[in-house]
2 protein chains.
Amino acid sequence: MQSSQAGGPKKRISESTIHRLSLYYRALSLLEKENYETVSSKELAKREKLTPAQVRKDLSFFGSFGTRGLGYPVTELKKRIATILGIDRVWRVALIGVGNIGSALVSYKEFAKQGFHIVKLFDNDQRKIGSNHKGMIVSDIANLEQELTEARIEVVVVAVPATVAQYIVDDVVRAGVKAILNFAPINLRVPEDVYLRNENMAMELEYLSFAMVNNHTPKRVK
Amino acid sequence: MQSSQAGGPKKRISESTIHRLSLYYRALSLLEKENYETVSSKELAKREKLTPAQVRKDLSFFGSFGTRGLGYPVTELKKRIATILGIDRVWRVALIGVGNIGSALVSYKEFAKQGFHIVKLFDNDQRKIGSNHKGMIVSDIANLEQELTEARIEVVVVAVPATVAQYIVDDVVRAGVKAILNFAPINLRVPEDVYLRNENMAMELEYLSFAMVNNHTPKRVK
DNA sequence: ACTAACATGTGAAATACTTCACAAGAAGTA
DNA sequence: TACTTCTTGTGAAGTATTTCACATGTTAGT
């Protein structure tokens, strides 16, 4: 079998591996700032609390980027990972719901840093519609489908109350958007060809709570 | 071996299982509102896009809560899961950093709903110190250690810039806090006996991006 | 040129996690 | 009571993921 350069990887890549690529990317950005030219799997693992073998295995799914005896070239590897993750480009993002969380996300630097540019805001509140957030005018959710299409939106972030989230997502799907990040605490229905991920900020707190109550031993960390 | 009622589970429980317990808890809250008295693993699985076997296995780690032929009693199971997760009580939470994300979290209903009560706010910005957020006065971060101790804080949410996060966490650790939820995009060092979880909202977007670019087939969902 | 120290990439082994499949219990019907 | 339907709880089987361990290759020093 060919290497995975063209047309995406052949084996199924696990979700964990993809999440770890995000971690590597962030670590590499930092290493670049610190003027490292190369980095070993050992050092990368240490910074992300993983094992060196894990790092090498993850990367090996996508090709061989390192040099024996030396390690991985920082800038080069960072670029490669960006390409793999699809963040070596700009994604046009719309944010729906300019409430507590929505407003925070408009200014969330990490999104823009990874190429996710919020270019459209929507809300259903008349007081918010027409107002200016970070240079963007909030649009009326009433014209959602049409405006998403016209603005060529590729990714939608949903930050509305759970009660209305499904209706909104139905509109979003009708507009042909294929990727949705949902902050509402509800399970949304979308067609098979639409990617949906949920962000549940309480979940990690619940994990902390569980760990404290049960003296849970976290997975060993090197 | 005894059942796991007292003293916590004996086997190591996987992180995934714990996260799924959060999902079950949320589903059960909804089922309760819909006046279900019992629910089968099949129905619960359907609502959370899991398999019935998975649901049963997860629950079986903690005891046997169901009745054959009938299913699980909704209210009872919800209570049991709350106990397992340690959210059948109030946790005293302090939020550090009243910026974009911090302000959003102050009003984030899901936290309070699961027993995480934010009772203290901190910032280092003179313009914010002394101001009122949802009935709370923002304290100066300068007295962090002392104030955390005095307020008997058990959980800290860190929502400050990456550049200062480590210093703050060091203070938090000195105050004896054992659970930290970190929103800063950086890997923090904490002693072994402190539980630390990171919340990285860009990660899920990166997953979406990867999926789109690679036509990634998501894990089969029933 | 030789040696020692490093470090990758990867089959194979070890673990961990999920799903299967079924014995056994519960409830309703007749 | 007998029979049918439903559903749990759980060993065992099946997958998936992680870690090991080492052949192979690079670099630097002498």
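Convention: sequence-line order gives letters A, B, ...; per-chain numbering from 1.
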Legend entry - Per A/Ser40 side chain, nearest of listed nucleotides D/dT8, C/dT18, C/dT8: C/dT8

Legend entry - Phosphate-side-chain proximity, A/Ser41 and C/dT8, N/O vs OP1/OP2 below 4.0 Å: yes

Legend entry - Minimum-distance nucleotide to B/Arg56 side chain [options: D/dC20, C/dC22, C/dA27]: C/dC22

Inset, instruction - Would you please confirm or rule out a distance under 4.0 Å between OP1 or OP2 of D/dG9 and any side-chain N or O of B/Tyr72? - result: yes

Inset, instruction - Give the rounded distance in Å between these two atoms: CD of A/Glu76 and C1' of C/dT8. - result: 15 Å

Legend entry - Rounded distance (Å) that lies between atom P of C/dT18 and atom CD of B/Glu15: 11 Å

Legend entry - Length of the CG-P vector between B/Leu77 and D/dG9, whole Å: 10 Å

Legend entry - 5' precedence on DNA chain D between A/Leu70 and A/Lys57 (nearest-nucleotide basis): A/Lys57

Legend entry - Aromatic B/Tyr36 / basic B/Arg47 pairing, under 6.0 angstrom, 45° off normal: yes

Inset, instruction - Classify the angle between the aromatic ring planes of B/Phe210 and B/Tyr207 as parallel (below 30°), tilted (30 to 60°) or perpendicular (above 60°). - result: tilted

Legend entry - Salt-bridge criterion met for A/Lys79 and A/Glu76 (N-O under 4.0 Å): no

Inset, instruction - Examine distances only and state if a side-chain atom of B/Asn182 and a backbone atom of B/Ala184 form a donor-acceptor pair shorter than 3.5 Å. - result: yes

Legend entry - Integer-rounded Å distance: D/dT17 P and A/Ile13 CD1: 10 Å

Inset, instruction - Report yes or no: is the cationic atom of B/Arg80 (NZ for Lys, CZ for Arg) closer than 6.0 Å to the six-membered ring centre of B/Phe65, at no more than 45° off its axis? - result: no

Legend entry - Residue mapping more 5' on DNA chain D - nearest nucleotide basis, A/Ser14 or A/Gly69: A/Ser14

Inset, instruction - Would you mind telling me which of C/dG25, C/dA7, C/dT18 lies closest to the side-chain atoms of A/Arg68? - result: C/dA7

Legend entry - Whole-Å gap separating P (D/dT19) and CG (A/Asp58): 10 Å

Inset, instruction - Round to a whole Å and report the spacing from CZ of A/Phe61 to P of C/dT10. - result: 11 Å

Inset, instruction - Select one nucleotide: of C/dT10, D/dT7, D/dT10, the one nearest the side-chain heavy atoms of B/Ser60. - result: D/dT10

Legend entry - Distance test, side-chain N/O of B/Thr67 to OP1/OP2 of D/dT8, below 4.0 Å: no

Legend entry - Atom pair distance, as rounded to whole Å: CZ in A/Arg80 and P in C/dG9: 11 Å

Legend entry - Phosphate-side-chain proximity, B/Gln54 and C/dC17, N/O vs OP1/OP2 below 4.0 Å: no

Legend entry - Distance test, side-chain N/O of A/Arg20 to OP1/OP2 of D/dT18, below 4.0 Å: yes

Inset, instruction - Would you please confirm or rule out a distance under 4.0 Å between OP1 or OP2 of C/dT18 and any side-chain N or O of B/Thr51? - result: no

Inset, instruction - Figure out the CZ/C1' separation between A/Phe65 and C/dT10, and round it to whole Å. - result: 15 Å

